[in-house]
There are 2 protein chains.
Amino acid sequence: MSQTASIKDVATHAQVAVGTVSNVLNYPDRVSQRTKERVLKSIAELGFVRNDAARQLRAGQSRTIGLIVLDVGNPFFSSVARAAEDAATALGSVVLVGDSGQDASREAHYMDLFQEQRVQGLLISPVGNVSERIDTLRERGVPTVLVDELADTERCSSVSVDDQEGGYLAARHLLDTGRRRLAFVGTTSIRQVASRLKGAQRAVTEVNGATIEVLDSAGQTVLAGRQVGNKLVERDPAERPEAVFCSNDLLALGVMQSLTMLRTVRIPEDIALIGYDDIDFAISAVVPLSSIRQPTEALGRTAIELLAEEQDSGGTKHRAVVFTPELVVRQSTAGA
Amino acid sequence: MSQTASIKDVATHAQVAVGTVSNVLNYPDRVSQRTKERVLKSIAELGFVRNDAARQLRAGQSRTIGLIVLDVGNPFFSSVARAAEDAATALGSVVLVGDSGQDASREAHYMDLFQEQRVQGLLISPVGNVSERIDTLRERGVPTVLVDELADTERCSSVSVDDQEGGYLAARHLLDTGRRRLAFVGTTSIRQVASRLKGAQRAVTEVNGATIEVLDSAGQTVLAGRQVGNKLVERDPAERPEAVFCSNDLLALGVMQSLTMLRTVRIPEDIALIGYDDIDFAISAVVPLSSIRQPTEALGRTAIELLAEEQDSGGTKHRAVVFTPELVVRQSTAGA
DNA sequence: CGTAACAAATGAAACGATTCAAAGACGAGT
DNA sequence: ACTCGTCTTTGAATCGTTTCATTTGTTACG
């Protein structure tokens, strides 16, 4: 009783064949009421629990879906992850979450892991170049859905938000409220960030005399934001931008901390500030933060839906769903 | 080539026995240089990837550790989870994270799941009464470590933070800064929350004329905090508490949002506010939030260490590690 | 040259579930 | 009593890996 009982133990105990026990578990209708009861009783008495490894081995596939995100600590991703989990649970699957931390080797590590686990499918916000690996996976019947990244629909499906449009919305809003010398803060090596910048630059070209300066940050965290903010504070006031667009809210909150720390810079009077993602904490910031809202629940849910579509079609049909972001105006970009 | 190659395919391709391939993977020293190279070449050519299910089945145990938290969206837990993941990775294990959402049935669901997966061990912040299930698991050789909850060391190990002390520290600080009519906000049905309240009450009894009112919240989220905050705003100013102690920072941020929304209540002049957890966002709040800091990284890391100890000792030795929380004073509780 | 000692390679058995062709049980119809 | 059809049950084969007792190959030494 100390060790775990197997289906064979249950069969012996209930005096039936192993196949019958299996049927009770998987096709209850095939089994007569009497034996079903007897088997269930034995299962309860022995405390039998299915061995998922054995089941998977036989099935050749797990009921697991792999999800690789750039940072689980980032509310944007944790929200997407939660939505994906809920949707997957409804389909009887489990989501395994891996955090790449924007590190290509960690990303590769998780891909290896998921491949060993024979996951049903993969949802990924890629860091490195993973297209070859995705091709390999597809050949092997493991569909992939890119998350927060537009896919070539020849290869796989994707759910994303129009980052260029989001960048445009943010910059346009800053320009519309009278700011001209803008700064962009973000890790531009990340594709989404680069797109947001591109959108912002487009908005800037539409307005005469507007400029945008790019400040690269070491990551997309609150800490990285604080570092950039400190540099801004050190500058001669005349050299400071009139408005700062951060590629996510964590960065923006970090920048805000630095700027407001010494009370020499006022937000939004001296410098307007806008973030991206509209995380829950944006509204509670020192100065409530304007932001670009992304439909995280829809992203997570749709990712799972597309994965199911891929599976149903045998990995032949791909679809790229693009959501549109939304400007949320708060005090940090109030009147010029 | 479309389907996944098995170890047998590799063996055939490299013209060796399956056992040899297995040895190349698991005991490279037992294999001669020549064959090792040949096998590795075949592995690369066939794109062989280990089938983890088969390996687990044979091993009788997985390299997976289950972690069940109350809410992954809560930075406290995501930080603990990340630390645990890092520590587990160093030991060659993977952490599977389940979010119970403070729902006993979801918690049970994840426990079932983890048991089917034959996890190496379980880390859990319990919601419901799980002690019997933990006993069952222990009998079956699956050690459990309670996270953020003190364990009876007769049964299992635990890592926790002294919640009563934390509650005491928070309330004492409010009292020390001259506040007398306190309010406590939290979901008191959660044990940690109840302990924090108890500690706070202890501090209150030490000071003449001090009182503490308990406001139960529907959950421990920003939203729940906003609801409580709205009720406070609706009250006659004379009826409002002088200081509010929230059982976590999310709640506190929510309360802060409500109180500062209409600018009728000033923090900390009219109402002082202190939270719990000291999440990254606490410092960036409208009014930087005082809080009680918990050593999340140490919690996660130690949890994995204790799990390893349990495994080494065959589940006989248990240890309860209790960390001490720390008061972090910011503007939200500034001078009386 | 014989043999002991060691290294390397072998391949069948085992892990625990699912599947499926085959056998068994039972009742109805003739 | 016999056959047919339906419902239930059986148990061997299978999935892919690891393990380990055994065989095969090689070297060293007397």
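Chain letters run A, B, ... following the sequence lines, proteins first, then strands; residues in each count from 1.
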If you only use heavy atoms from C-beta on, which nucleotide in D:dT18, D:dT10, D:dA13 is closest to the side chain of B:R50? D:dT18
Is B:S22 touching bases, backbone alone, or none of the nucleic acid, heavy atoms closer than 4.0 Å? base
Rounded to the nearest angstrom, tell me the gap between atom CZ in B:R30 and atom P in D:dT24. 20 Å
What's the spacing between A:I7 CD1 and A:T12 OG1 if we round to 0.5 Å? 11.0 Å
Does the pair B:D112 and A:R50 meet the rule for a salt bridge (charged side-chain N to carboxylate O under 4.0 Å, His left out), with working shown? CA-CA 10 Å; B:D112 289 345; A:R50 257 205 199 82; over 6 Å; no
Separation of A:I7 atom CD1 from D:dA13 atom P, in whole Å? 18 Å
Mapping B:A54 and B:G19 to their closest nucleotides on DNA chain D, which lands nearer the 5' end? B:A54
Using whole Å, report how far CG of B:D52 lies from P of D:dT17. 10 Å
Strictly below 4.0 Å, heavy-atom distances to any atom of DNA chain C: list the hits from residues 114-121 of chain B, or just say none. none
Please report, rounded to the nearest Å, how far the P atom of D:dG16 is from the CG atom of B:D9. 8 Å
Using a 4.0 Å heavy-atom cut-off across all strands, classify A:V21 as base, sugar-phosphate, or nothing. nothing
Check against side chain to side chain donor-acceptor pair (under 3.5 Å), B:D148 and B:Q192: CA-CA 8 Å; B:D148 200 29; B:Q192 291 88 322; 3.2 Å; yes
Under a 4.5 Å cut-off applied to non-hydrogen side-chain atoms, are B:P126 and B:L146 in contact? yes
Answer with base, sugar-phosphate or nothing: what part of the nucleic acid does A:T20 contact at a heavy-atom distance below 4.0 Å? base
If you measure from OG on B:S125 to CG on B:L67, what distance do you get to the nearest 0.5 Å? 7.0 Å
Could you tell me the separation between the CD1 atom of B:I43 and the P atom of D:dG16, rounded to a whole number of Å? 16 Å
Sub-4.5 Å side-chain heavy-atom contact between B:V24 and B:V16: no
Going 5' to 3' along DNA chain C, between which two nucleotides do contacts with chain A fall, using a heavy-atom cut-off of 4.0 Å? C:dG16 to C:dT19
Would you check if the side chain of B:S157 reaches a backbone N or O of B:A320 as a donor-acceptor pair within less than 3.5 Å? no
Side chain of B:R55, base of D:dT17: donor and acceptor closer than 3.5 Å? no
Mapping B:L57 and B:A17 to their closest nucleotides on DNA chain C, which lands nearer the 5' end? B:A17
Report for the helix from C:dC1-D:dG30 to C:dT30-D:dA1: angle between first-end and last-end helix axes, five pairs each, rounded to 10 degrees. 60°
Counting only heavy atoms not in B:R191, do more than 12 fall under 6.0 Å of its CZ? no
Is the phosphate of D:dT8, meaning OP1 or OP2, less than 4.0 Å from a side-chain N or O of A:Y27? no
Taking A:R138 for its side chain and A:R155 for its backbone only, find out whether a donor-acceptor pair lies under 3.5 Å. yes
Take atom NZ of A:K36 and atom P of D:dT8, then tell me their distance rounded to the nearest Å. 9 Å
For atom NZ of A:K8 and atom C1' of D:dT10, their distance in whole Å: 14 Å
If you measure from CD1 on B:I134 to CE on B:M111, what distance do you get to the nearest 0.5 Å? 5.5 Å
With heavy-atom distances below 4.5 Å as the criterion, would you say the side chains of B:R63 and B:D52 are in contact? yes
Which listed nucleotide (D:dT17, D:dC15, D:dT10) is nearest to the side chain of B:N51? D:dT17
If you define the side chain from C-beta out and look only at heavy atoms, does anything of B:D71 sit under 4.5 Å from B:Q220? no
